[in-house]
Protein chains: 2
Amino acid sequence: MKKISSRFSMAVHILSLLATGDGATLTSERMAGSINTNPVVVRKIMGMLKKAGFLNVRAGTGGAYLLKNIEDISLLDVYRAVEVVEEHDLFNFHDNPNPDCPVGANIESVFRSTLLQAQNAMEQVLADVPLKQLVHDLNEKISSSES
Amino acid sequence: MKKISSRFSMAVHILSLLATGDGATLTSERMAGSINTNPVVVRKIMGMLKKAGFLNVRAGTGGAYLLKNIEDISLLDVYRAVEVVEEHDLFNFHDNPNPDCPVGANIESVFRSTLLQAQNAMEQVLADVPLKQLVHDLNEKISSSES
DNA sequence: ATTGTTGTAACCATATTGGGTACAACAGAC
DNA sequence: GTCTGTTGTACCCAATATGGTTACAACAAT
């Protein structure tokens, strides 16, 4: 099946770069180098993150910087900013089951509540992890792998 | 983004039909009528459910019947039978982040564990709902809407 | 033998994805 | 004011997955 777009992981990657970066200007070019993709892809994703109010991009001169504290951004926030998942639409439900069949007429409402629970459980895990924690773990890993 | 295939909801629909059906033979044609899709789509999905050991289909003569008790089939079982989701691959991770960049080199291992938790939380909800419960709710809804 | 059904293969239109080119708008350096 | 490097978009692309559809051989029961 199709998976959840890697835009999400790329967005987290971008934000992590900004959070761990020294002052050096991080252009879309440089970020693309770390992510291993095209600069335009980075710019597109940054556009979404900008719209969400997480960062700002210096037009013309280049470079991006965070607007919010990384403890105030959860992974769910990033997920939401970057995915075009309508609030309760992780699962596709088949269209127009036959209303003249008892099962067809009622299965959707019965099944949907379970699907919602499943989706919510997933999102709750993301909501519980602030970017700060991920960056912390990342830094730990980085220093341990440097030594 | 892409959603989880409606094959899943169709599969649940099929199994619900078998569970609630009177003895009448349920051909792919009839099921397709309830689901509102093409008989071939139903047959394809039934093929997967058959492979998973949930049901059997009478070749030639037609019709399908359950092989397992509906309390022994969880929604996760159905999900697994019908989706081609590799065990821990709900989320796509961008390929080959740059190993020469500290962030690029380490973000995957750090981020993946969270993604796994999120996916597991979702699947756990599905695992906790046996088909029997869904069919029970369905029957309740049906009789209440009949009155 | 006839009939109705299943299991597959083949094909299609559609949508989404990540990637890529091109270029105008822009801001700073000089 | 000009030059330079960057961003923001608008397009376009190939690859992939989806659900649907046609077609037909295999099959089981009458």
Side-chain angles (χ1 to χ4, degrees), chain A residues 1-14 18 24-52 55-65 82-86 89-98, chain B residues 1-14 18 24-52 55-65 82-86 89-98:
Chain A
M1 77 148 227
K2 263 316 308 156
K3 308 170 188 178
I4 288 173
S5 169
S6 63
R7 272 201 308 273
F8 180 33
S9 65
M10 290 198 266
V12 170
H13 194 145
I14 290 171
L18 292 175
T25 41
L26 278 163
T27 66
S28 59
E29 185 82 38
R30 292 174 62 84
M31 293 187 183
S34 170
I35 297 178
N36 188 27
T37 182
N38 190 286
V40 178
V41 173
V42 173
R43 280 182 238 149
K44 282 174 187 167
I45 295 174
M46 281 207 290
M48 306 188 210
L49 297 176
K50 190 168 142 189
K51 199 169 291 174
L55 54 77
N56 206 359
V57 185
R58 272 178 286 263
T61 162
Y65 53 95
V82 147
E83 299 289 329
V84 198
V85 188
E86 315 304 323
D89 266 355
L90 212 207
F91 295 90
N92 242 331
F93 201 92
H94 54 288
D95 299 322
N96 314 314
N98 187 343
Chain B
M1 75 147 228
K2 263 317 309 153
K3 307 173 189 177
I4 289 172
S5 168
S6 63
R7 273 201 308 272
F8 179 33
S9 65
M10 289 198 267
V12 169
H13 194 144
I14 290 171
L18 291 175
T25 41
L26 277 164
T27 65
S28 60
E29 184 82 35
R30 293 174 61 84
M31 293 187 181
S34 170
I35 296 176
N36 188 31
T37 182
N38 190 287
V40 178
V41 173
V42 172
R43 279 182 237 150
K44 282 175 187 166
I45 295 174
M46 281 208 291
M48 306 188 211
L49 297 176
K50 189 169 145 188
K51 198 168 294 174
L55 53 79
N56 207 357
V57 184
R58 272 178 286 260
T61 161
Y65 53 95
V82 146
E83 300 288 330
V84 198
V85 188
E86 315 305 322
D89 266 355
L90 212 208
F91 295 90
N92 241 332
F93 201 92
H94 54 287
D95 297 323
N96 313 315
N98 187 344

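Note that the structure is predicted; figures quoted are calculated from it, not measured. A, B, ... follow the sequence lines: proteins, then strands. Residue 1 opens every chain.
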Do A:Leu18 and A:Met31 come within less than 4.5 Å of each other through their side chains, counting heavy atoms only?
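Side chain of A:Leu18 against side chain of A:Met31, heavy atoms only: contact under 4.5 Å found.
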
A:His94 side chain reached by B:Thr37 side chain, heavy atoms, under 4.5 Å
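A side-chain contact is absent here, since even the closest heavy-atom pair is not under 4.5 Å.
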
How long is the line joining [atom1] of [X] and [atom2] of [N], in whole Å?
X       : N      : atom1 : atom2 : answer
A:Ile45 : D:dT9  : CD1   : P     : 15 Å
A:Met31 : D:dT6  : CE    : P     : 13 Å
A:Ile35 : C:dG19 : CD1   : C1'   : 13 Å
B:Glu29 : C:dG4  : CD    : P     : 12 Å
B:Tyr65 : C:dT6  : OH    : C1'   : 13 Å
B:Met48 : D:dG19 : CE    : C1'   : 11 Å
A:Lys51 : D:dT7  : NZ    : P     : 17 Å
A:Leu26 : D:dG5  : CG    : P     : 19 Å

Are the side chain of B:Ser6 and the backbone of A:Asn92 linked by a donor-acceptor contact shorter than 3.5 Å?
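No, B:Ser6 side chain to A:Asn92 backbone: no donor-acceptor pair under 3.5 Å.
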
Of all heavy-atom pairs between [X] and [Y], which one has the smallest distance, and what is that distance?
X       : Y       : answer
B:Ala11 : B:Val82 : CB-CG2, 3.5 Å
A:Pro39 : A:Ser28 : O-CB, 3.8 Å
A:Val40 : A:Asn38 : N-OD1, 2.9 Å

Would you say [N] has OP1 or OP2 under 4.0 Å from some side-chain N or O of [X]?
X       : N      : result
B:Ser28 : C:dT5  : no
B:Ser5  : D:dA17 : no
B:Thr37 : D:dG19 : no
B:Arg7  : D:dG19 : yes

[X] side chain: which of [options] is closest?
X       : options               : value
A:Asn38 : C:dT6, C:dG20, D:dG19 : C:dG20
A:Thr61 : D:dG19, D:dT7, C:dG28 : C:dG28
A:Arg43 : D:dT7, C:dT17, C:dG19 : D:dT7
B:Thr27 : C:dT6, C:dG28, D:dA29 : C:dT6
A:Val40 : D:dT21, C:dG7, C:dT21 : C:dT21

State whether the distance check finds a donor on one side and an acceptor on the other, under 3.5 Å, for side chain B:Lys50 versus base C:dT8.
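No pair found.
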
Confirm from the modelled atom types if A:Lys44 and C:dG20 form a donor-acceptor pair under 3.5 Å, side chain to base only.
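By the distance-only test, yes, there is a pair.
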
Mind checking if A:Met10 touches a base, just sugar-phosphate, or nothing, with heavy atoms under 4.0 Å?
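Sugar-phosphate only.
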
Base, sugar-phosphate, or nothing: which does B:Gly62 touch, judged by heavy atoms less than 4.0 Å apart?
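Counting heavy atoms under 4.0 Å across all strands, the contact made by B:Gly62 is with sugar-phosphate only.
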
Which residue lies toward the 5' end of DNA chain C, B:Asp95 or B:Gly47, if each is placed at its nearest nucleotide?
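Nearer the 5' end of the strand: B:Gly47.
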
